[in-house]
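Scroll down for the structure; my scribbles are underneath it.
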Amino acid sequence: MLDINYIRQNPEEVAEMLKKRQQAEDSIRLDELLEFDIQRRQLVQKSDELKALRNKVSKDIATIKRTGQGSAEDLIREMKEVADNIARMNETLGELEEKMEAILLSLPNKLHIDVPTGCSSEDNVIYKEPIAFDHALDFPLKNHLDLGNTLGILDFERGAKISGSGFPVYAGKGARLERALLNFMLDYHTEKHGYTEIFPPFMVNEDSLRGTGQWPKFADQVYYMNEDDLYAIPTAEVPVTNLHREEILRDEQLPISYAAYSACFRREAGSYGKDTRGFLRVHQFNKVEMVKFTRPEDSYDALEEILHNAEAILKALKIPYRVLLLCSGDISATAAKCYDIEVWSPAENKFLEASSCSNFEDYQARRANIRFKPAGSSKPVFIHTLNGSGLATSRLMVSLLENYQTPEGTIIVPEVLRKYTGFDLID
RNA sequence: GGAGAGGUCGCAUAGUGGUCUAGUGCGCUCGCCUGGAAAGCGGGUAAGGUUAACAGCCUUCGAGGGUUCGAAUCCCUCCCUCUCCGCCA
């Protein structure tokens, strides 16, 4: 959420941002917002004056009643009218604030100066050229579906039977490999990168979704359990960032770094048909997420750190990847700057998004009301939140299986995972 | 799921319709005292809105509604915590 004071003082900057994000139609709503803002402040002043009067006269009435001197009838009649006026103003004020809230919640974040202007994913900029590793793949390659089927480690058909398409089943060594990957990543981030491990709930309430920005704009992408009014998390970002919702942190607590495993649930409504084969797009997948809370001045260094932390996993696994800097037309509404890490799929012959590392600045913090008291200051200030996948296993698994395949159709287990799998070959 | 108790300024508590602009203790902090400290004494000790203003005013006693000239206090709904019972990995 943007600061209404910032919007009021820099309306043309906000309009420019909307244009860059290809959200120019939102500028109508921006004009509305500014108009509501003026009305609201005028109304607040008037109603506060009336409230002050009511408070004062109510005290006078109390004095009269206590001392028994004179009659309060006239004052009470007068205040009845004032109370009616206040009630009417409150109603209008409530409506105004509701409308403003709706617009504010839907407006996207500011863009960092580094973000390239562009319309779509075509315009993303390569931030780090592809990094290759020496996998001898000079034979006819199988894709991850063939490999998974033949080796009996992935079962999409039975997954579809028990749940529906997009719910993969891992079996035998495949299940073990998935678990090895997750354990390896969690251990790596906690032991080498200084993250504190969190195991969060996988279902959250609406306030949490609003805090990180999935609600209300992207509510249709989230599974909802009507009976209990709970949402299945689309990423651990949601519960972990919301750990500190409505809190004022102490300066010396910062920065806070959390790493969390969670299953991630996404409806992926409207995306049937594109990239839906196998692991490329699923409704449930596993991910280790890194989340940071920092002082505002530290957040861009922290973003580079998160990127490095995610890259370290791929380097350790020797999985080829590249890093993109997302352009203004492709970056998510909540992020001010975002890197995508894409892993190489030799069978699909393309890069697949496996991680997104974003700085949200104070956009989520303002929604979730997460603040800290800077040293030597008495006023609390919104912190900056960041997160990055470190990483999602589904796409990672595609790349791993395909890059580590042998001419015999078996899979060599990456060296760093062997102490987790207990075997070095899937056959 | 059923029954009961309860949610007040960091913590603990007081407050059952109008001197509550929410008191007291602890903690924290500043000052006095002291060679220095402890004790003691005195002061301070939330967030948000409005505003040029850290002046004034307004809002907030779990959340939201209601009654009233006036609500921490009365009524309704919801949420959470605790105790007991039931069910259960």
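Predicted, not measured: the structure shown is a model, and the values here were computed from it. Quick note: numbers below take in every heavy atom, side chains included, and nothing from hydrogens, waters or symmetry partners.
Between B:G49 and A:Arg41, no contact under 4.0 Å exists linking OP1 or OP2 to a side-chain N or O. Neither OP1 nor OP2 of B:C58 sits under 4.0 Å from any side-chain N or O of A:Gln45. Taking 4.0 angstrom as the limit, A:Asn55 places none of its side-chain polar atoms (N or O) nearer than this to OP1 or OP2 of B:C69. Under 4.0 angstrom from either OP1 or OP2 of B:A47 there lies at least one side-chain N or O belonging to A:Lys373. Taking 4.0 angstrom as the limit, A:Arg54 places a side-chain polar atom (N or O) nearer than this to OP1 or OP2 of B:U59.
Under the Watson-Crick and G-U wobble criteria, each requiring two contacts below 3.5 Å, nucleotide B:A89 is left unpaired. With both pairing distances under 3.5 Å, B:G4 is matched to B:C82 as a Watson-Crick or G-U wobble pair. When both pairing distances are held under 3.5 Å, B:G18 makes a Watson-Crick or G-U pair with B:C69. B:U51 makes up no base pair with any nucleotide shown, lacking Watson-Crick or G-U wobble contacts both under 3.5 Å. Across all strands shown, B:G25 forms a Watson-Crick or G-U wobble pair, both distances under 3.5 Å, with B:C11. Base pairing annotation: B:G40 forms a Watson-Crick or G-U wobble pair with B:C32, both donor-acceptor distances under 3.5 Å. Pair assignment for B:G64 gives B:C76, based on Watson-Crick or G-U wobble hydrogen-bonding distances that are each under 3.5 Å.
Look at the P atom in both B:G56 and B:G44: the space between them is 15 Å, to the nearest Å. Here, B:G7 and B:G66 have their P atoms 24 Å apart, quoted to the whole Å. Look at the P atom in both B:C79 and B:A12: the space between them is 24 Å, to the nearest Å. With P as the reference atom, B:U67 and B:G10 are 32 Å apart, rounded to whole Å. Taking atom C1' on both nucleotides, B:G48 is separated from B:G40 by 38 Å, rounded to a whole Å.
Nucleic acid contact class of A:Ile61 (heavy atoms, under 4.0 Å, all strands): base.
A:Asn369 places its CG atom 8 Å from the P atom of B:G48, with the value rounded to the nearest Å. We find that CG of A:Asn205 is positioned 18 Å from P of B:C78, with the value rounded to whole Å. For the pair A:Lys379 NZ and B:A47 P, the computed distance is 6 Å after rounding to whole Å. Rounded to whole Å, atom P of B:G49 lies 10 Å from atom CZ of A:Arg366. Atom pair A:Asp228:CG and B:G1:P shows a separation of 9 Å (rounding to whole Å applied).
Listed nucleotides: B:A47, B:U50, B:C58. Nearest to the side chain of A:Arg40: B:U50. The side chain of A:Lys65 approaches B:C69 more closely than any other nucleotide in the set B:C69, B:A46, B:G49. When distances run from any side-chain atom of A:Lys51 to the nucleotides B:G49, B:C58, B:A47, the shortest one goes to B:C58. Taking the side chain of A:Arg371 as heavy atoms from C-beta on, and the options B:C57, B:A47, B:U59, the nearest nucleotide is B:A47. Across B:U50, B:U21, B:C58, the shortest atom-to-atom separation from the side chain of A:Arg8 is found for B:U50. Distance from the side chain of A:Asp48 is smallest for B:G49 among the nucleotides B:G49, B:G70, B:U50. Distance from the side chain of A:Ser58 is smallest to B:C69 among B:U50, B:U59, B:C69. In the set B:A47, B:U50, B:U59, the nucleotide with an atom closest to the side chain of A:Ile248 is B:A47.
Crowding of A:Met89 atom CE: a count of heavy atoms from other residues, nucleotides or ligands under 6.0 Å exceeding 12. No more than 12 heavy atoms of other residues, nucleotides or ligands shown are found within 6.0 angstrom of CD on A:Glu157.
A tilted orientation is assigned to the rings of A:Tyr223 and A:Phe167, their planes being inclined by 30° to 60°. The aromatic rings of A:His193 and A:Tyr188 sit perpendicular to each other, their planes meeting at more than 60°, with 30° as the lower class boundary.
Comment: A:Glu97 engages A:Arg40 in a salt bridge, judged by a side-chain N to carboxylate O separation of less than 4.0 angstrom. Between A:Asp26 and A:Arg21 there is no salt bridge, since no side-chain N of the basic residue sits under 4.0 Å from a carboxylate O of the acidic one. Using a cutoff of 4.0 Å between basic side-chain nitrogens and carboxylate oxygens, A:Lys373 and A:Asp251 are not scored as salt-bridged.
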